[in-house]
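Per chain, numbering begins at 1; letters A, B, ... match sequence-line order.
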2 protein chains.
Amino acid sequence: MPDEQGHPELEEIELGKVLAALADPARRRVIKQLLEDEAGAERHCTSFGLQLSKATRSHHFRVLREAGLIRQVDRGNSRMAQLRYGEIELRFPGLLELIRREKEEQASSET
Amino acid sequence: MPDEQGHPELEEIELGKVLAALADPARRRVIKQLLEDEAGAERHCTSFGLQLSKATRSHHFRVLREAGLIRQVDRGNSRMAQLRYGEIELRFPGLLELIRREKEEQASSET
DNA sequence: TCGATGGTTCTATGTTTTACGAACCTTTGT
DNA sequence: ACAAAGGTTCGTAAAACATAGAACCATCGA
């Protein structure tokens, strides 16, 4: 079962949910940016340049979190996002590389 | 542009569409079964054990085709489905392996 | 030729997803 | 204590999606 903050354990991460989470261009964009940072980097949720209201942003981060792709850590007032790289790589080896390689225009110009 | 039957060319296959196609358990099930056959095998569309009306089945096969995951070939009365394994592997190496490895219960018991 | 078979398309319906404003909660900083 | 800042949740509206029945169009086989 997910922890109090809604993070699934490694074994609970489901391929279906992960694929659904990554099917959205905005969420893929978040993951892509996290992939460009150094391992374990934490990023502020507003730092991804998403042209969305904060309610919608919150929604997308929830989907990513519940799918198991990111971990959200409370840092006082803010909530930082961290890619669960090692775990995802362990569970679905190669998946994140495919996301990383996608051209940026493709992810943003999608229908 | 897609060919007359709606098959995208290799370069036109988009990660977003592929992920969206694979996010559905029924469609993932089809791909999984195709992965179990020998390379290049053709399967009859009714042979996947989908508990769905033929209209819905047709819809799912269309999504798979337009995403570029399968090729549909007319064989007289029937339309056979063929996994575009080599092409997908070329474009998104490792992706199909992830699908193959997913446990069957997980794919079918999803919400 | 004609009925049965296999598939697609159209239309309709219910569900899910995306999106946003408004209200709300918490922490920070003064 | 209180206002500002960062996020979540709620209510809601619009779009997208899954599903199936019905009409339709081929092809196959008798």
TODO: Give the rounded distance in Å between these two atoms: CZ of B/Arg57 and C1' of C/dT5.
DONE: 12 Å
Task: Steps toward salt bridge (Lys or Arg N to Asp or Glu O under 4.0 Å) verdict (A/Glu87, A/Arg91) - done: CA-CA 6 Å; A/Glu87 295 175 280; A/Arg91 193 125 170 76; over 6 Å; no
Task: Nearest-Å distance for atom pair CG/P, residues A/Leu50 and D/dG7 - done: 12 Å
Open item on the list: Can you work out whether A/Arg75 or A/Gln51 has the more 5'-proximal nearest nucleotide on DNA chain C?
Closed with: A/Gln51
Task: B/Phe48 six-ring face occupied by B/Arg29 cation (under 6.0 Å, within 45°) - done: no
Open item on the list: Using whole Å, what does the distance between atom C1' of nucleotide D/dA18 and atom CZ of B/Phe61 come to?
Closed with: 15 Å
Task: Selected nucleotide, minimal atom distance to B/Asn77 side chain, candidates D/dT27, C/dC20, C/dG7 - done: D/dT27
TODO: Take atom NZ of A/Lys54 and atom C1' of D/dC10, then tell me their distance rounded to the nearest Å.
DONE: 14 Å
Open item on the list: Nearest whole Å is fine: how far is D/dC17 C1' from B/Glu66 CD?
Closed with: 14 Å
TODO: Measure from CZ on A/Arg62 to P on C/dC20 and round the result to the nearest Å.
DONE: 17 Å
Open item on the list: If you only use heavy atoms from C-beta on, which nucleotide in D/dA5, C/dT8, C/dG21 is closest to the side chain of A/Ala55?
Closed with: C/dG21
TODO: Ignoring the backbone of B/Gln72, work out which of D/dG6, C/dT8, C/dG6 is nearest its side chain.
DONE: C/dT8
Open item on the list: For a 4.5 angstrom cut-off between non-hydrogen side-chain atoms, does B/Lys32 reach B/Glu102?
Closed with: yes
Open item on the list: Tell me whether A/Ile31 shares a hydrophobic cluster with A/Leu50, the cluster being built from Ile, Leu, Val, Met, Phe, Trp, Tyr side chains joined at under 4.5 Å.
Closed with: yes
Open item on the list: I'd like to know if the side chain of A/Asp74 and the backbone of A/Gly76 have a donor-acceptor N/O pair within less than 3.5 Å.
Closed with: no
- [ ] Assess whether one donor atom and one acceptor atom, taken from the side chain of B/Thr56 and the base of D/dA18, lie less than 3.5 Å apart.
- [x] no
Task: Nearest listed nucleotide, side chain of B/His60, among C/dT18, D/dA18, C/dT8 - done: D/dA18
- [ ] Looking at every strand, decide which applies to B/His59 at a 4.0 Å heavy-atom threshold: base, sugar-phosphate, or nothing.
- [x] base
TODO: Just call it for B/Arg27: base, sugar-phosphate, or nothing, with non-hydrogen atoms closer than 4.0 Å on any strand.
DONE: sugar-phosphate
Open item on the list: Between P on D/dA26 and CZ on B/Arg79, what's the gap in Å once rounded to a whole number?
Closed with: 13 Å
Task: Euclidean distance, atom CD1 of residue B/Ile70 to atom P of C/dG7 [Å, nearest integer] - done: 12 Å
Open item on the list: What's B/Ser58 touching, base or sugar-phosphate or nothing? Going by heavy atoms closer than 4.0 Å.
Closed with: base
